[in-house]
Every structure is written in C-alpha cells, then in structure tokens.
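Just so you know, ligand 1 is whichever comes first in the structure, and atom 1 is the first atom listed for that ligand. Residue numbers start at 1 and run along the sequence shown.
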Amino acid sequence: MDRAEIVEANFRARVAARNFPDGNAPNGSLANTEAVSLFRAQVLCRALDLESRAMQKAGQGFYTIGSSGHEGMAAVAHALRPTDPAFLHYRDGAFQIARAGQVPGQSPAWDMLLSFACSTDDPISGGRHKVLGSKMLNIPPQTSTIASHLPKAVGAAYSIGLAKRHPPEHAQYPGDAIVMCSFGDASANHSTAQGAFNTAAWTSYQSIPLPLLFVCEDNGIGISVKTPKGWIAANFQSRPGLTYFHADGLDLFETHRVAAEAASYVRTRKKPAVLHMRTVRLYGHAGADVPTTYLSKEEVERDEADDPLLHSVRLLDEAAALSPDDALAIYDETRARVKRVAAEAVIRPRLQTADEVMASLIPPKRTCAPTNGPSEEARAAAFGGDLKAQSEPQPMSRLINWALTDLMLAHPEIALMGEDVGSKGGVYGVTQKLVTRFGPDRVIDTLLDEQSILGLAIGMAQNGFTPIPEIQFLAYLHNAEDQLRGEAATLPFFSQGQFTNPMVVRIAGLGYQKGFGGHFHNDYSVAVLRDIPGVILACPSNGADAARMLRTCVRLAREEQRVVVFLEPVALYPARDLTPGDGGWMHRYPSPDERIPFGEVGVHGAGTDLAIVTFANGYHLSRQAQPALECEGINTRIIDLRWLNPLPKDTLLEAVGPAKRLLIVDETRTTGGVSEALMTLFAEAGRPATRLAAEDSFIATGPAYGATMPSVESILAVARKAVA
Ligand SMILES: Cc1ncc(C[n+]2csc(CCOP(=O)(O)OP(=O)(O)O)c2C)c(N)n1
Ligand SMILES: [Mg+2]
C-alpha cells in the first residue's frame, strides 16, 4: 500500500473506532457551523490530493505536490478576508478552498481538478501548470521556486499604505487589506526569504505601514532534510520589527483563533507579523517521493497518526458540532463527488501547440485614463532652473532625469525605488532632485537588497502602480534576476494575463568607464535579459534617444502591462563629445511628446558598402570610426539597434537595406551576447555578417579597462577586412 492509502485507511478506522489523537479542547470564537464548513474545506482538499494522485497514475494528471497535512490553512483563510491578497505556499489547497467559500459563485473542486488535468479550461493558468491561484480570490499563481514570492508580498503590503496616499488608477487592493504570504519551514532559510523578512522588519522598524502576515507552515522537513528542532521559533521569536504568533495547525479552532489575532494585529497596527504554524506532511514531498527512504517508519507513522482531519473530527465531536459518523459521511460523499467531477475534468481540452502555450506570454493591453501631459505651471514648478537649461545640449544623465520628471508629472502612479536614488540622486546623478520634486513616497530610497527592490516593484505593480526600480549596476542584477525571470515575467503567463506586474527596470550597465572600473561596475553580460520570454530590453546610445525611448517604455508598461528593462550605458551618462571637444554627444531635451516607437531602429548615413549594426557604446565608437572609413572610400551606414530584445527583425533588415557587407559591433560577450542573435538573424535572412564582439571575459580595471571590448581601432580593422 502506498502511504496515501494507509493514511486514508487509518482515517476511516480511527474515526469509526473514535480513536483520536490527543489535543486541546475546542477553544476560540469559531462558531460550530463555521467549524463544520472549514472541515468540509479540509476534506475537499484531502479528496483533491487523493484524486490528483489517482489522475497521475491514470496518466490524466501531471503533478502531485499536495496539501495533505496542511489542511489547517483552511482556518487561516477564514481569519482573513477574501480581498486580502494571498501569496501562497504550494501546499495551500485548503486555504484556497476555504477562501472560495467566502465568495459567492465559486467552484474550487472543478477549478482545481481542471488545473490538475492541465485543461485549457483551468481558470487560472489555462492548463499551463498545476498552480494554486484565482483572480476572484486574490490569489496570484505561484511558480514552484520556493521563497521567490516573499519579496513581492512585501512590495504588495507596502503598496497598500502608499495607495492610500497616492491612489493609482488601476488599484486592486482595498485600503484596509492585509497581505498574507505563506511558505514552508525549509523555505524560511532561503536567502530570498531572509531578505524579505529583513525588508519587512526594516520597514516596520521605521514605522512605515506594512500590513503583512507571513505564515510559516512548519512540517519539520524540506524534501528530506529535517529542520532543526525549535529553529523556526528561535528564528522568528525575537526579530525586531516582526511580531511572532504560534498556532498548532492541526487544531482548527486554535489555528483560527491565533490567525484571527495575528490578522487583527497586522490590520490595525499595519505592522508585519509571522504566524508560525505546526503542520505535518503526509505521504512524502511530491510525486513518487517515498518518505521511508530518508525517515524511519516510526517517524512517518508518527506524522500520519497526527492527521489533521482526525484532529478536526475529534474537535467537532467535542464541540458538539458534528458527530464522527457524520464526519465520515462527509468524507465519503466528498471523495465520491470529487471522483465524479474529475471524470468530467479529464475530458476537457488540453493545450497542444506552442502557440496555445505562448498565448499568455504577452499580457493584455489595458485602458488608461487619458493624460494631457503636465501643465506649463506644473513643469515650471517641478523643473525650476532646469527648465531654462532644457534649450541647451546636455549629457544623457540629465536628459534621463528630465524625462523621468516629465513622466512622473504626467503619471502619478509612477514610483521610483532603488539604492541611493533619493537624496543622493543615484551614483551618477540620474535621479537627482527627484525626491525634492516628488517626495519620498514616490522616490524610495530602499535598503541594500536587489531582490527586495524588484520585489517591491512587482508587489506595487500588482496594485496598480507603475514602478521604475533602479538596479545600481548590471552586475548586481544577477543576484536578483530570478525576480524578473521567475516572477515578474511568469505572472501573466501562469494567469492568462489576469494578474500583471508592469514596470520599467532601469539598470546602469555595460562597460567603458575609464576612471571607475572593474568588472563589478562594468558588466557586459546581458544573456539573462535576452532570454526571458515576454521581457523587453531597451538600450539607448545617447540622451535624446534615451528620453524618447524611456517614454515609450513607460507607455508599454502602463498601457500594455509589459515588463521592460531599460539598460542605460553607464559610460555614456556624462559623455559630451563624439570627437574630442565637439560636444557631439550632448543633445537638447526632446519635447515631452516625442517618442521613439517600440522596435524603431536608428540609422545614421546611407552608405551601401558597409552597414554596421550596433548599439550603446558600440554605436558611439562606430560613429567615431565612420569618418575614417568614408575617407578610405567605404561608404557606411550605422544602425543603432536600440531594442535588444525582442530584436526588431523586419525593421533591422530593412535598415541594413542594400549594404553589401554587414558588420555587427557588439560590446556584450561573444557567448550569450547580442551578436549571437544578430548573426543568426542575418544568416537566416541570407545576409552573411561579420561580428566584432566583446571577449568572454570579465572587465579589468586600470589601463586595460577597455581591452576586452570593441574599440575604434578594432572596428576599423574589422570593417576594412569585411569590405576587402
Ligand atoms: C529555490 C528553490 N530551490 C529548490 C527547490 C526544490 N524544492 C522544492 S520544495 C523544497 C523543499 C521545501 O520545503 P519546505 O519549505 O519545508 O516546504 P514543504 O514542502 O515542507 O511544505 C525544495 C528543496 C525549489 N523549488 N526552489
Ligand atoms: Mg517543510
């Protein structure tokens, strides 16, 4: 017999024999009728787990991570409101079912069975994955990376306070909502989780409102590694800024009582708390995992003897709410009903083609209230003396600053967040004066944690803000990139666009800084940004383009709900010249209504001997190389890509036009860099190209700061060879 069959047999036998595990008497404010309906939710959850296993055995289900042993989460749901956003642990079927009971017209069994069956009718993911989640129930779908949802739960909680002060047009959460976020005991150790606890505590420590209830579902084990006894309690009991509650998750009444107390604390005090909840894990981790391979039989049986359903039957009996016989009848009736419904679910259609799978990669467009743009008075007040300077050519850092100012004037739901973006105005001054112009609510000096910065943005975006998070240097995106890859980009995909988190992530990146060097400030690794489906990667080469492109990026986020990365070439922030002293790389501030459309490339020159396809510093360098090439009779056109992903394929092929030779100048790595995509694109289009890309190296500091990347000299050399 497998362990699930053993647990079920035990349940029937022990209820029939009135042989219950020990526990406290029913205690708390849960009314008998409520307790019975929570028991029904627990039983439904159990029946769904068992059916999921049966479906998988029959080849009709595809994944069986279950909630058995964690059914106490039904009582947590009951202590919250269905409008409280819930970022769930994967074992929270009972939470979702109990919450469905709070909202009219829900059919959780049908919905979840469709999800197990990977049917296109699955209302949350459309058959893409077995995920918990529901738009109506305010449960965003959660992928299986553990702990990765914690940073955005902090962001969502922060957004509730902020939305009171600056209500965004597309706000989702009521002003008195609290955010709930659950996770397992092993997950609590993940640095992503620890970062989120710390950020929540750091925020609350400063008395900034953060209505967030963490729920740690402690079953004492990860997959096979045990959590040291007492570790979770010791970890959370004395954390500054976080209040600790403990409940026995096997006891429906106690769990509800403590969860209600914790929720009330969070809601009234607007402070984060942790509910540490004891659970057991029944029949192993997931799928074919056999717990007796790493636990003793006694240990496994000890947990099985503590089946929360047995505890519930005892408690309901003692409370005179439900007799054990009636409990058993509910169990049998529920099992039979789920079986019947499952038979219907497995014949519903499933996804078949790549197009069907990919249909939700790009979120749907949304309607935004028209904005006429800021008045002259508002602009004058915000810009002050800078307004006059706008008629003079300026370097890129200032032009981005002004573009941000105009965008924030036009769209009150934009907020900036990042390390040092406030009073310092960023390492390069790009966000200077913005905190004076818009206040600390909209220009948020965060703590030093990139996962928390992106999590803040993701959570705020889910509540209608248009966040513009800043990552100080590209090298520091990499320790947080899963927040983009695994979380922000997948949210619309796994929810069929019902949940979205549009934003524009600004990242200072790429190389060529002479005086400020080394790899960590000059990173040219963009592979991770190029291969995330649905994410747009934009990269300007000069200030005027930067302002016009940033406006488009914000429009793509606001109106098309896209996740956009705006990669700012750090070495070009202060650049003034094309050739020494000519001021050729400074530009006048483009009028606020000027934009470069998504996918439009820049073309300089009309030469047909050679087309150089490049971007950012590569464009700057190629422009410097161009006069020498022309002198040598090589008529050149230079294409500024601007949009690195997705590549504007047709526009690009049109832009290189009749040029006899194509040269790609790419300052990102040969391996994984942009040139890989470009070479492929041109090869597939029957247009052979040569490439000059950066070395597969890290960048050095000192005199060799540029040695691994294209230079004017190397561009000239490769161009001559290509044409010869
Ligand atoms: C970042 C990450 N690393 C590893 C895994 C693989 N994994 C999935 S669940 C799990 C154990 C989680 O244990 P716990 O947090 O206690 O939750 P439980 O399953 O016990 O409820 C592991 C290691 C993962 N999903 N994500
Ligand atoms: Mg665990």
Given side chains that start at C-beta, do those of Asp92 and Met73 come closer than 4.5 Å, heavy atoms only?
yes
Below 2.8 Å, any N, O or S contact between Ile221 and the Mg ion (ligand 2)?
yes
Any side-chain heavy-atom pair of Leu80 and Gln102 under 4.5 Å
no
Provide the number and element of each atom of ligand 1 under 4.0 Å from a heavy atom of Gly184.
14 (P), 15 (O), 16 (O), 17 (O)
Ring centres under 6.0 angstrom apart (Phe197, Phe183)
yes
Heavy-atom distances under 4.0 Å are what count here, so tell me which part of Arg281 touches ligand 1: side chain, backbone, both or neither.
neither
Out of all atoms in ligand 1, which are within 4.0 Å of some heavy atom of His89? Include the element for each.
17 (O), 18 (P), 21 (O)
Of the protein's non-hydrogen atoms, which lies at the shortest distance from atom 15 (O) of ligand 1, and what is that distance?
Ser187 OG, 2.4 Å
Heavy atom of protein closer than 4.0 angstrom to atom 10 (C) of ligand 1:
yes
Taking 4.0 angstrom as the limit, do Lys57 and Asp2 come out as a salt bridge?
yes
Ignoring angles and geometry beyond distance, decide whether His190 reaches within less than 3.5 Å of ligand 1 through its nitrogen or oxygen atoms.
no
When you measure from atom 25 (N) of ligand 1 to every protein heavy atom, which one gives the shortest distance, and what is it?
Ser144 O, 2.8 Å
Counting heavy atoms under 4.0 Å, the part of Thr227 that contacts ligand 1 is neither
NZ/NE/NH1/NH2 to OD/OE distance under 4.0 Å, Arg12 and Glu8:
yes
Part of Tyr90 within contact of ligand 1 (heavy atoms, under 4.0 Å)
side chain
In Asp185, the N/O/S atom nearest the Mg ion (ligand 2) carries the name OD1
Specify whether His129 and Phe494 have parallel, tilted or perpendicular ring planes, treating 30° as the upper limit for parallel and 60° as the lower limit for perpendicular.
perpendicular
Metal check, the Mg ion (ligand 2) vs Asn219 N/O/S, cut-off below 2.8 Å:
yes
Which heavy-atom pair separates Gln483 from Leu454 by the least distance, and what is that distance?
CB-CB, 3.7 Å
Any heavy atom of Arg91 closer to ligand 1 than 4.0 angstrom?
yes
Could you walk me through whether Asn501 and Glu487 satisfy the side chain to side chain contact (heavy atoms under 4.5 Å, CB included) test, starting with their C-alpha distance in whole Å, then the side-chain angles of each, then the deciding distance to 0.1 Å, before giving a yes or no?
CA-CA 9 Å; Asn501 42 209; Glu487 298 301 314; 5.8 Å; no
How close does the nearest protein non-hydrogen atom get to atom 4 (C) of ligand 1, and which residue and atom is it?
Ile146 CG1, 4.5 Å
Pair His478-Asp523, side-chain donor/acceptor within less than 3.5 Å
yes
Say whether His285 and ligand 1 are in contact under the criterion: heavy-atom distance to a ligand atom below 4.0 Å.
yes
Give me the residue, atom name and distance of the protein heavy atom closest to atom 23 (C) of ligand 1.
Ile223 CD1, 3.7 Å
Quick test of your reading of the structure: of Ala188, Ala186, Gly284, Ala286, whose heavy atom lies closest to atom 14 (P) of ligand 1?
Ala186
Please check if the number of heavy atoms outside Arg53 that lie under 6.0 Å from its CZ is greater than 12.
yes
Could you check whether the rings of His519 and Phe698 sit parallel, tilted or perpendicular, using 30° and 60° as the cut-offs?
perpendicular
Can you tell me which residue and heavy atom of the protein come closest to atom 20 (O) of ligand 1, and the distance to 0.1 Å?
Asn219 ND2, 2.8 Å
